[in-house]
Amino acid sequence: MSADIKIKQAKCAVAFLASGIGLLGLSLSHMLADITGGSGGPVGKALTFHAGIGPFSGKQTVGLITWFLAWFILSKLFSGQEVQERTFIIWTVILYALATLLVFPPFLSLL
Amino acid sequence: MLDYFKLIGSGPYDFSAALHGLFGFLLFGVFIWAVEAVNNKSPEAFERLKKGSIAMVIFSFLSIAYGNAIYIAYRAKDGVQPWLRANDMYYYHTLGMELKEFIALFTFPLAVVIAYVVFTMSEDWFESTWARNTVRIALYAAILYTFIALGLGAMITKAKAV
């Protein structure tokens with residue numbers, strides 16, 4: 001396999017990992033709001049960027065910012081480099097699984 | 001003749017709700033359809049996959065955007081959320097909506113990354129088994145997330161529409 005393909009694959013692996021980090025940011029903001037009193041708690045109120053949508057508006061914004069920031073930083077860090085794609089994908093799967101768990105209401109109620 | 005108002009409803013949010021569901025359903029269809037395009041190793045299938053990946057991003061964005069619009073009505077004083085609480089069906093919100101609203105969001109980064117991989121690999125798509133396998137796994141995850149979001153959305157709408 002050519003070095004050009006390996007570098008393209010590295011860019012793709014970085015994109016996958018960044019999406020996982022973004023979703024973790026989203027789910028962590030939800031978890032923090034949930035365990036501190038929900039929409040009426042301090043975190044919930046701070047995340048209420050739109051009165052109609054409530055804290056969900058802030059959680060989405062946190063997720064988006066985390067995702068794009070992670071993508072930008074990781075792209076700079078691994079620019080022009082070959083990476084272990086498998087490791088990146090394993091971490092992405094772990095992050096997606098963790099994010100799914102953190103937005104699963106029965107799990108949150110245990111915290 | 002098809003009775004538009006019987007099908008869609010005549011409330012202020014009914015059209016937005018219908019579009020939210022429609023784009024979600026189209027997204028689900030495109031994700032499934034894309035699996036075939038990934039498995040098929042012909043250049044024509046790859047061209048279909050390119051178009052499909054753009055459609056994924058658009059449908060996911062529109063479904064989420066309309067979802068946000070009707071979420072305002074859902075949370076309103078006379079909306080679905082207070083109605084579920086008053087009718088002893090609040091678990092529809094605490095289990096259904098609380099999970100659905102986030103799971104639905106997961107489809108957007110997946111759709112964007114799938115499109116990014118497809119266009120980045122471009123002419124090297126057939127040379128990279130890694131890229132094809134990774135996109136296939138991402139599509140399976142996206143299908144699962146969309147299915148859960150659609151199912152829970154339908155369940156809540158069945159109880160009470162916005």
Side-chain angles (χ1 to χ4, degrees), chain A residues 1-2 4-27 29-31 34 38-39 48 50-57 59-60 63-64 66-68 70-71 84-86 88-89 92-93 95-97 99-100 102-109, chain B residues 64-65 67-77 79 81 91-135 137-138 140-142 144-145 148-149 152:
Chain A
M1 188 182 290
S2 73
D4 185 43
I5 296 180
K6 289 289 284 177
I7 286 173
K8 281 184 180 178
Q9 288 186 173
K11 283 183 180 177
C12 299
V14 160
F16 268 108
L17 185 62
S19 72
I21 294 170
L23 288 185
L24 188 68
L26 169 79
S27 57
S29 67
H30 174 57
M31 185 196 77
D34 196 75
S39 56
T48 303
H50 183 282
I53 300 172
F56 190 50
S57 54
K59 293 170 191 174
Q60 291 179 81
L64 269 178
T66 315
W67 174 25
F68 288 125
W71 202 345
Q84 290 290 327
E85 299 96 348
R86 189 181 161 82
F88 274 63
I89 296 305
T92 305
V93 171
L95 289 172
Y96 268 76
T100 307
L102 288 176
V103 297
F104 189 58
F107 177 76
L108 274 180
S109 66
Chain B
I64 291 168
N68 272 295
I70 59 171
Y71 194 58
I72 298 167
Y74 175 89
R75 293 180 79 245
K77 280 180 183 170
Q81 190 179 351
Y91 59 94
Y92 271 61
H93 173 78
T94 51
L95 187 62
M97 180 54 90
E98 289 272 319
L99 181 61
K100 172 208 154 36
E101 64 187 9
F102 290 101
I103 289 296
L105 293 181
F106 286 22
T107 63
F108 185 63
L110 274 171
V112 170
V113 174
I114 288 168
Y116 180 79
V117 173
V118 167
F119 281 91
T120 301
M121 295 313 296
S122 196
E123 71 273 12
D124 296 319
W125 173 254
F126 296 107
E127 296 292 317
S128 174
T129 310
W130 175 85
R132 290 198 309 277
N133 286 339
T134 310
V135 166
I137 293 167
Y140 291 151
L144 179 67
Y145 285 135
I148 294 170
L152 291 173

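Remember, predicted model here, so these are calculated numbers, not experimental data. Note on naming: letters A, B, ... go to the chains in the order of the sequence lines (proteins, then strands), and numbering restarts at 1 for each one.
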Exercise. Of all heavy-atom pairs between B/Trp130 and A/Ala13, which one has the smallest distance, and what is that distance?
Worked result: CH2-N, 3.7 Å
Exercise. Say you draw a straight line from CG of B/Leu110 to CG of A/Leu23; how long is it, rounded to the nearest 0.5 Å?
Worked result: 7.0 Å
Problem set entry | Heavy-atom proximity to chain B below 4.5 Å, by part of A/Thr92 | neither
For this session: Calculate, to the nearest 0.5 Å, the distance between atoms NE2 and CG belonging to A/His30 and B/Leu105 respectively.
Result: 11.0 Å
Exercise. Where is the tightest heavy-atom contact between B/Thr120 and A/Lys8, given as atom of each residue plus distance?
Worked result: O-CD, 3.3 Å
Exercise. Do A/Lys11 and B/Val117 come close enough that some side-chain heavy atom pair is under 4.5 Å?
Worked result: no
Exercise. Taking all non-hydrogen atoms of both residues, which atom of B/Leu99 and which atom of A/Val103 are closest, and how far apart?
Worked result: CD1-O, 3.6 Å
Problem set entry | Between A/Ser19, A/Ser27, A/Ala15, the one whose heavy-atom pairs under 4.5 Å with chain B are most numerous | A/Ala15
Seminar exercise, completed: With chain B, the option among A/Gly20, A/Gly54, A/Gly22 that has the most non-hydrogen atom pairs under 4.5 Å is A/Gly54
For this session: Please flag which part of A/Lys59 lies under 4.5 Å from any non-hydrogen atom of chain B: side chain, backbone, both or neither.
Result: side chain
For this session: List the atom of A/Gly52, the atom of B/Arg75, and the distance in Å for their closest heavy-atom pair.
Result: O-NH1, 2.9 Å
For this session: Working to the nearest 0.5 Å, report the span between CD1 of B/Ile103 and CZ of A/Phe104.
Result: 9.0 Å
Seminar exercise, completed: Honestly, the part of A/Ile89 sitting under 4.5 Å from a heavy atom of chain B is side chain
Exercise. Going by heavy atoms in the side chains, are B/Tyr145 and A/Thr100 under 4.5 Å from each other?
Worked result: yes
For this session: Nearest 0.5 Å please: distance from the NE2 atom of A/His50 over to the OH atom of B/Tyr71.
Result: 12.5 Å
For this session: With a 4.5 angstrom heavy-atom cut-off, could you sort out which part of B/Thr94 is near chain A: side chain, backbone, both or neither?
Result: backbone
Problem set entry | Spacing of B/Phe108 atom CZ and A/Leu64 atom CG [to the nearest 0.5 Å] | 7.0 Å
Exercise. Is it the side chain or the backbone of A/Ala51 that comes within 4.5 Å of chain B heavy atoms, both, or neither?
Worked result: backbone
Seminar exercise, completed: Counting heavy-atom pairs under 4.5 Å with chain A, the top scorer among B/Val135, B/Leu95, B/Asn68 is B/Asn68
For this session: Please look at B/Tyr74 and chain A and tell me whether the side chain, the backbone, both or neither of the residue comes under 4.5 angstrom of a heavy atom of that chain.
Result: neither
For this session: Search all heavy atoms of A/Ile5 against all heavy atoms of B/Ser128 and return the closest pair with its distance.
Result: CG2-CB, 4.4 Å
Problem set entry | Closest non-hydrogen atom pair between A/Phe16 and B/Thr134, with its separation | CE1-CG2, 3.4 Å
Exercise. Which value, rounded to the nearest 0.5 Å, describes the distance between B/Glu101 atom CD and A/Gln60 atom CD?
Worked result: 8.5 Å
For this session: For chain B, find which of A/Leu108, A/Leu26, A/Asp34 contributes the most heavy-atom pairs closer than 4.5 angstrom.
Result: A/Leu26
For this session: Below 4.5 Å from any heavy atom of chain A, which atoms of B/Ile137 appear? Answer side chain, backbone, both or neither.
Result: neither
Problem set entry | Closest-packed option against chain B by number of heavy-atom pairs under 4.5 Å, given A/Pro106, A/Cys12, A/Ser2 | A/Cys12
